[in-house]
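Below is one structure. I have some questions about it.
This chain uses plain numbering: 1 for the first residue, then up along the sequence.
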Amino acid sequence: MSSTQFIPVDETTILSCQFEGFDRAQEGHIIYVLAIKRGEFGESTRVSKRYNEFAQFAQDIQAISSVTLPVPPKKFFGNTDRAFLQKRMNALEDMLTIVSNNFWLSKSIDFKAFVDVDNFGLDFERECRQGLDMFLRSEPSWALQGQELRNIGWRMNKLFAIVENKGYTVQEHSATQLLSWVRIPKEPAMPLEAIGSTLKYIAGISHPFITSGTLGYLHGTDIPAAVMVRSVAPKLSLRDNIYRIKSFSDHFCRKYANPNARYKPDMKLIALYGRQILEALKFLHEKGVPYGHLHSGNVLVINDRLCQLSEVENGILGLPCLYQQFIMSLKKIATLEQRDVYCFGHVMFEMVNGRPLNQAFKEYHEKSEASTILEQLLSLDGIRNLPTIDNLLNEPFFKDVNLGQVERGSFKMSARVKDALATARDASFKAMRTRQLMYHRCRKAEDKDKAQKKKDQMREREKSRQVRSSQQKGSQATQVNATVGGFVVQTSTTTSKRPSSTATTVTTTSTTTSTSSPPPPPQPVQPPPQQQQQQQQ
């Protein structure tokens, strides 16, 4: 595969590791060589690590998640024995496999920077802190309450902090205010000059099932960033409820990578939350707002009967969504609405099963109310013909939910913002389809390479078979010795001329043993009877 076919790396890229061996460095220590693959069809690279680096990595993972990795023990004598090094390498590979197979540990910057320092070796946290400090200096009415909240979400270029607005004599927002600072990617979904005004309008969305914002702001020129301030949800996020989290300020790996207990809402509550999420998605699509970032962490639980969508601004910023690697592999997801419906399927799966679905699709064989909905959203047949949001709202599972009296949503925007949202929709759609096209081109190229390799192997096997066959035929044609028991029988045919005009063929057979004893003397040839009578006369 040529380098032009490689899919760009971002924070959603899945990294896989495979040990290739070990070697002794020039300094004398042992290094382990790993092949790192970026995504299913991404570019591969090699990195070398010492045992001490693996041991430190295990400590870092335990510090952020409380997950204890099985690090092979240290050995002071005989630690360069080849059998011991092979055994240690296998143990280290098993350790990394545990991390890469964990849905949340594999998204940590600790893991990504350890195996792919070229793409994830930057100090993202330092950059975010500097950006947040610059914003607070430029907006003196906002101030921190305590310290920044490190890694409460999975995005490595996003920082959260509890803030207060000192400009109010009476605090207008009694709830705790949560500020998010996120760097805008190099290719946002709309021009930078339009993002600032659009963020203000998005913060002002009024809908019973969408979280409004206190502030929407574009900050910085060299490193542009989106700043949003919202109230902290009284009951945190839907994912926090599923994992029974009481404090939102912990590292996301500590909260989700190794949960002690999980909560599965009852079917009535799942239907209620599902209906409210669908109503919010329907509103956003009617208003022309590209979302694409639905997951249980972006669903805030206000009370036991109400949830709201959050992080609506991510769609206009051009940030990669949590399920991007799955969506990229499913070319039947061909519209922005289908993308949101598919993400809704993942949220439903997490509510029903109490865990995330760490794969692109899942087949269902059991029949129940929830499995019927999940089959439409996550099975291969369902993904080929995904229902619309209106179709789902007409499903009895959601239609029978009583929402009570709810207000109609409103989203007032200027003509400029409306045009900017149209640009964002087009850019989001193009980015999604481009990645899908690149993915399937890579898949076709890989399938073609595999088919060619298979043909080459079959051709080589056929050549080898023909060579062996010709060698066997040649050896049979040139063989003049036949082994009989412990003796070798040699047969030769000679022709002698008699005095008469006719020739008599005489066959002489000599037998030799396989030992070194001398052969017996030749017997004289008896003349024909007629010749004997003439001699006697």
Inset, instruction - Quick one: list whatever passes side chain to side chain donor-acceptor pair (under 3.5 Å) with R384, sequence neighbours left out. - result: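 For R384, the residues satisfying side chain to side chain donor-acceptor pair (under 3.5 Å) (neighbours in sequence not counted) are D381.
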
Inset, instruction - Please check if atom CD in Q359 has more than 12 non-hydrogen atoms from other residues, nucleotides or ligands closer than 6.0 Å. - result: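 Enclosed.
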
Inset, instruction - Could I get the full list of side-chain contact (heavy atoms from CB on, under 4.5 Å) partners for C17, not counting sequence neighbours? - result: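 Result, side-chain contact (heavy atoms from CB on, under 4.5 Å) vs C17: L34, I36, L96, F111, V115.
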
Legend entry - side-chain contact (heavy atoms from CB on, under 4.5 Å) involving P188 - partner list, sequence neighbours excluded: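 In terms of side-chain contact (heavy atoms from CB on, under 4.5 Å), with neighbours along the sequence ignored, P188 is linked to I184, I195.
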
Legend entry - Flag, side chain of D10 to backbone of T12, donor-acceptor distance under 3.5 Å: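 Looks like yes, one N/O pair under 3.5 Å.
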
Legend entry - Nearest-0.5 Å distance that lies between atom CG in N258 and atom CD1 in I61: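 Rounded to the nearest 0.5 Å, the CG-CD1 separation comes to 12.0 Å.
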
Inset, instruction - Could you tell me the separation between the CD atom of Q376 and the CZ atom of F397, rounded to the nearest 0.5 Å? - result: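 Output value for this atom pair is 11.5 Å.
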
Legend entry - Residue pairs, two or more places apart or on separate chains, that pass ring-ring contact (aromatic ring centres under 6.0 Å, His included) and touch residues 214-240: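 Listed by first then second residue: F135-Y217, F135-H219.
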
Inset, instruction - Considering non-hydrogen atoms only, spot the tightest contact between S249 and L149 and give its length. - result: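 Closest pair (atom of S249, atom of L149, distance): CB-CD2, 3.8 Å.
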
Inset, instruction - Kindly say whether H293 contributes a backbone atom to a donor-acceptor pair with the side chain of N298 at under 3.5 angstrom? - result: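 Present.
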
Legend entry - Side-chain donor or acceptor of Q436 paired with backbone N/O of L330 under 3.5 Å: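 Checking the backbone N and O of L330 against the side chain of Q436, a donor-acceptor pair under 3.5 Å is found.
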
Legend entry - Donor-acceptor contact below 3.5 Å, side chain E337 vs main chain I389: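 Confirmed, E337 side chain pairs with I389 backbone.
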
Inset, instruction - Please check if atom NZ in K37 has more than 12 non-hydrogen atoms from other residues, nucleotides or ligands closer than 6.0 Å. - result: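 Yes - once you tally the heavy atoms of other residues, nucleotides and ligands closer than 6.0 Å, there are more than 12.
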
Legend entry - Point-to-point distance, once rounded to the nearest 0.5 Å, from SG of C343 to CD of Q324: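 Answer rounded to 0.5 Å: 10.5 Å.
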
Inset, instruction - Using a 4.5 Å cut-off on heavy atoms from C-beta on, say whether the side chain of L294 contacts that of V299. - result: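 They are in side-chain contact.
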
Legend entry - Polar side-chain atom of T13 near backbone of V9 as donor-acceptor pair, under 3.5 Å: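 Flag not set: sc T13 to bb V9 has no pair under 3.5 Å.
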
Legend entry - Separation of H207 NE2 from Q276 CD (nearest 0.5 Å):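 The distance works out to 10.0 Å.
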
Inset, instruction - Scan side-chain atoms only and decide if S66 and R254 contain a donor-acceptor pair under the 3.5 Å cut-off. - result: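 A donor-acceptor contact under 3.5 Å links the two side chains.
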
Legend entry - Sole residue of Q59, M95, R88 in side chain to side chain contact (heavy atoms under 4.5 Å, CB included) with F54: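 The option that passes is M95.
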
Inset, instruction - Inspect the surroundings of CG in N260 and state if more than 12 heavy atoms from other residues, nucleotides or ligands are less than 6.0 Å away. - result: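 No, not enclosed.
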
Could you pull out every donor-acceptor pair under 3.5 Å between side chains of residues 21-31 and any protein atom, sequence neighbours left out?
unit_1	atom_1	unit_2	atom_2	d
R24	NH1	G28	O	2.8

Legend entry - Exercise: identify the closest heavy-atom pair between F429 and T335: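 F429 and T335 have their closest heavy atoms at CE1-CA, 4.4 Å.
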
Inset, instruction - Apply the side chain to side chain contact (heavy atoms under 4.5 Å, CB included) test between L278 and each candidate in D340, V341, L393, V401; give the one that qualifies. - result: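 With L278 as partner, side chain to side chain contact (heavy atoms under 4.5 Å, CB included) holds for just one option, L393.
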
Legend entry - OH on Y32 to CG on L85, rounded to 0.5 Å: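 The distance works out to 4.5 Å.
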
Legend entry - F19, CZ atom: more than 12 neighbouring heavy atoms under 6.0 Å: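 Yes.
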
Inset, instruction - Examine the side chains of Q177 and S231 and answer whether a donor and an acceptor come within less than 3.5 Å of each other. - result: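 Yes, S231 and Q177 have a side-chain donor paired with an acceptor closer than 3.5 Å.
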
Legend entry - Y323: partners by ring-ring contact (aromatic ring centres under 6.0 Å, His included), with sequence neighbours left out: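 For Y323, the residues satisfying ring-ring contact (aromatic ring centres under 6.0 Å, His included) (neighbours in sequence not counted) are H346.
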
Inset, instruction - Output every pair passing salt bridge (Lys or Arg N to Asp or Glu O under 4.0 Å) with a member in residues 90-119, not counting sequence neighbours, ordered by first then second residue. - result: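 Those involving residues 90-119 are R38-D116, R38-D118.
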
Inset, instruction - Scan residues 236-249 for pairs that pass salt bridge (Lys or Arg N to Asp or Glu O under 4.0 Å), counting only residues two or more places apart or in two chains. - result: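 Qualifying pairs: R239-E350.
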
Legend entry - Separation of N241 CG from R262 CZ (nearest 0.5 Å):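 Reported value, rounded in 0.5 Å steps: 14.5 Å.
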
Legend entry - side-chain hydrogen bond (donor to acceptor under 3.5 Å, both in side chains): pairs with one or both residues in residues 47-58, sequence neighbours excluded: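 Sorted result for residues 47-58: Q56-D60.
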
List the atom pairs, with distances to 0.1 Å, where a side-chain N or O of residues 68-77 and a protein N or O form a donor-acceptor pair under 3.5 Å, not counting sequence neighbours.
unit_1	atom_1	unit_2	atom_2	d
T68	OG1	Q62	NE2	3.4

Inset, instruction - Examine distances only and state if a side-chain atom of Q308 and a backbone atom of I302 form a donor-acceptor pair shorter than 3.5 Å. - result: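 The answer is no, because no donor-acceptor pair under 3.5 Å joins these two groups.
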
Legend entry - Residue pair R126 / D123: nearest heavy atoms and the distance that separates them: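 Scanning both residues, the minimum pair turns out to be N-OD1, 3.1 Å.
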
Legend entry - Salt-bridge present (R275, E395; N to O < 4.0 Å):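 No, R275 and E395 are not salt-bridged.
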
Inset, instruction - Please list all pairs passing the salt bridge (Lys or Arg N to Asp or Glu O under 4.0 Å) test where one or both residues lie in residues 150-159, with sequence neighbours left out. - result: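 For residues 150-159, and leaving out neighbouring residues, the salt bridge (Lys or Arg N to Asp or Glu O under 4.0 Å) pairs sorted by first residue read E11-R155, E125-R150, K158-E311.
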
Inset, instruction - Indicate yes or no: does E40 engage R443 in a salt bridge with an N to O separation below 4.0 Å. - result: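 Salt bridge present between E40 and R443.
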
Inset, instruction - If a pair satisfies ring-ring contact (aromatic ring centres under 6.0 Å, His included) and one of its residues is in residues 246-267, list it, with sequence neighbours excluded. - result: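 Output for this query lists W104-Y256, Y243-Y256.
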
